**Student:** 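Handing you this structure, nothing more for now.
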Amino acid sequence: MPEPSEILSLAKRRGFLWPAYEIYGGVAGLFDYGPLGAEMKRNIEDYWRQLYVRQEGFLEITCPLLAPKEVFEASGHLKEFTDLVVQCDACSTSFRADHLAEGLHEQPSRLSKDELCMLLNDNNVVCPECGGHLCEPATFNLMFKTAIGAGAGGRDGYMRPETAQGMFVNFNMIYRYAREKLPVGAVQIGSSMRNEISPRQGVIRLREFNMMEAELFVHPDDKSWPNFANVKDEKLKLLPDGGKDTVTVALEKAVGDGMILNETLAYFMWLTWKFLSDLGVDPDRMRFRQHARTEMAHYASDCWDCEALLGYGWVELVGVADRGCYDVSAHLDHSGADLTAFERFDSPKMLTVDRIQPDLSKLGPIFKGKARAVADKLAEVPPDSVPDDRSEIELEVDGERLKVPSECFRKVRREEKVSGRKFVPHVIEPSYGLDRILYALLDHAYGSKEDYVRLRLSGKASPVKLGVFPLVGKDGLDTLALEIHRRISSLGVACYYDDSGSIGRRYARMDEIGTPFCVTLDYDTLKDDTVTLRDRDTAEQIRVKIDRLPEIALKIQENIAFEDLRRHS
RNA sequence: GCGGAUGUAGUCUAGCGGUUAGGACUGAGGCUUCCCAAGCCUUAAGCCCGGGUUCGAAUCCCGGCAUCCGCACCA
């Protein structure tokens, strides 16, 4: 297995990844994508779009990175994404306050700052390292805070720690766009930010990172998936919660046995497996690990991480979770917006309902300006709680207790037609770490033998698809090679022209950045319009007609194997 | 955030208080016109940042930043 330092060295040298702002000393957790990295990142994004947007019909949206505070009050990030940290005055060691309160309270992580502070003081908790005095707990939130707008009129804002919230808050728009049908999926590709305490491991833990997230809104009682039948016999490598070893199980069995919670979750786990292996993550170094109950976020009912074995150990590349109704409900509650789907009954139901009907002509003279508010409150009173002979109702309106005499309202019984019901959709979320996936592709593609480095990137992932060389830069070979380069480039295929140095050196340069094939023009080319096509992994060559090159170039993007090209040559 | 180690061209590295910081690879230009990092010539590029000690600092000391390894943290 290659050392991460070898890969990062190559990535820097050849223009995949650069430490950001390096001339100013760099910043931990920030990386630039160089030209090859940017190209490769886009290849990954494009294939993901191909699967999610084109094939599965998800709707791509793009939301701002910056969001107002309210979004994260609702999502729970402001509360849950915050750690309370205490520091020892004597030895300066930091501890999480809720960890120190372990055993003093049932759920210390749920306590507020003041409550925790009191709890620690009352119990005379001292530094576990040296017994020194501890300072007051300080909050550390992993979100980057900023102000939207200037001065006192400015509004508290945060940089999003995930792209998901943009899709949840837009559920009503997405649902309407989809003409009120479920399931409906939304996707978003973009960056998110977390102020990690200690970023490590190259691009594995970044402070600004790229995500490709999908949020599939489904009916809570129907988590089946139409395409599931087509893939039910496909197998996945699973490491279930509590299991010691991975098991290879067919999707249908995994769902049937209750190992994976539902069909939809299983389907997208399979799609993830296909996506990653097509791009070039080695299936032998890939697995799905189920989150333990304690590890799972409080809202999730099942969660599987797709992990790859890298130089750093097993690293999560993708998380596929059933988030239930948590997120949409949270935004519904905080915003008051109607983030529900509507389910039409087979036939409308006639219901007999009792209601309190306010009489505004009586309320007006008594309550004056408050009459409307009183009426609204009256309408919310459960009719069953009001006996028919009750002479008045006590209400709290805007913090004021009022007595409403019985002549101000009537209890009425009505027949109502109910044609369906509203419900909050559940969400299945496949969430992809783009930077980690790109790194995993480099890691699994990397091979070196006696200082000769070869990246066996897939045709889909490789930043350059084809190298084009004149064997010698004269006798018209160079101009013809440039002409071929231009023709292939105009198809939108990334190819690279090189006429400097020996031919071997040029092949070596392409091998090092993972270019699958190279074509070389020689003197035979001038006679019979053929070029040599060289395979990166074997260095074998075949001769092909120049006219076939555009077709071949396009097929490289579909991972065509050299053997297939040889067979048709 | 804590503890330890490290920081010299794009990469790898020599240097151990005293000339103009040396080499290899890579890059660029040329010769060679050649099918797997060949050879020759030319050329570009570096002491992480800031302070201190000293006649003199890449070298010693302090602070910062960054990287790596442990610990902690990690939706």
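Nothing here was measured: the structure is a model prediction, and the numbers come from that model. Every chain is numbered from 1 and lettered A, B, ... according to where its sequence line falls, protein lines coming before strand lines.
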**Student:** Any strand is fair game: report the nucleotide pairing with B:G18 by Watson-Crick or G-U wobble, both distances under 3.5 Å, or none.
**Tutor:** B:C55
**Student:** For atom P, what is the distance between B:A44 and B:A5, given to the nearest Å?
**Tutor:** 39 Å
**Student:** Pairing check on B:G50: which nucleotide meets the Watson-Crick or G-U wobble criteria with it, both distances under 3.5 Å?
**Tutor:** B:C62
**Student:** Would you say A:Met269 and A:Leu238 make side-chain contact, with heavy atoms under 4.5 Å?
**Tutor:** yes
**Student:** Side-chain donor or acceptor of A:Thr532 under 3.5 Å from a matching atom on the base of B:C35?
**Tutor:** yes
**Student:** Between B:C34 and A:Ser502, is there an OP1 or OP2 to side-chain N/O distance shorter than 4.0 Å?
**Tutor:** no
**Student:** Would A:Tyr497 and A:Asp499 count as having a side-chain donor-acceptor pair, cut-off 3.5 Å?
**Tutor:** yes
**Student:** Select base, sugar-phosphate, or nothing to describe what A:Arg14 touches, counting heavy atoms under 4.0 Å on all strands.
**Tutor:** nothing
**Student:** Is the phosphate of B:G70, meaning OP1 or OP2, less than 4.0 Å from a side-chain N or O of A:Arg200?
**Tutor:** no
**Student:** Determine which nucleotide pairs with B:A24, using a 3.5 Å limit on both distances of a Watson-Crick or G-U wobble pair.
**Tutor:** B:U11
**Student:** What's A:Asp475 touching, base or sugar-phosphate or nothing? Going by heavy atoms closer than 4.0 Å.
**Tutor:** nothing
**Student:** By the 4.0 Å heavy-atom rule, please label A:Glu22 as base, sugar-phosphate, or nothing.
**Tutor:** nothing
**Student:** Please report the distance separating the P of B:G18 from the corresponding atom of B:U59, rounded so that it comes out in whole Å.
**Tutor:** 12 Å
**Student:** Please state the P separation for the pair B:C55 and B:G64 - nearest whole angstrom.
**Tutor:** 28 Å
**Student:** Just call it for A:Ser9: base, sugar-phosphate, or nothing, with non-hydrogen atoms closer than 4.0 Å on any strand.
**Tutor:** sugar-phosphate
**Student:** Check the phosphate of B:G27 against A:Arg509, side-chain N and O only, distance under 4.0 Å to OP1 or OP2. Yes or no?
**Tutor:** yes
**Student:** Is the distance from OP1 or OP2 of B:U26 to the nearest side-chain N or O of A:Arg505 less than 4.0 Å?
**Tutor:** yes
**Student:** Taking the basic N atoms (NZ, or NE/NH1/NH2) and the acidic carboxylate oxygens, is any pair closer than 4.0 Å for A:Glu45 and A:Lys41?
**Tutor:** yes
**Student:** Using a heavy-atom cut-off of under 4.0 Å over every strand shown, decide if A:Arg506 touches base, sugar-phosphate, or nothing.
**Tutor:** nothing
**Student:** With a non-hydrogen cut-off below 4.0 angstrom, is A:Phe469 in contact with a base, only sugar-phosphate, or nothing?
**Tutor:** nothing
**Student:** Report which part of the nucleic acid A:Gly433 touches: base, sugar-phosphate, or nothing (heavy-atom distance under 4.0 Å, all strands).
**Tutor:** nothing
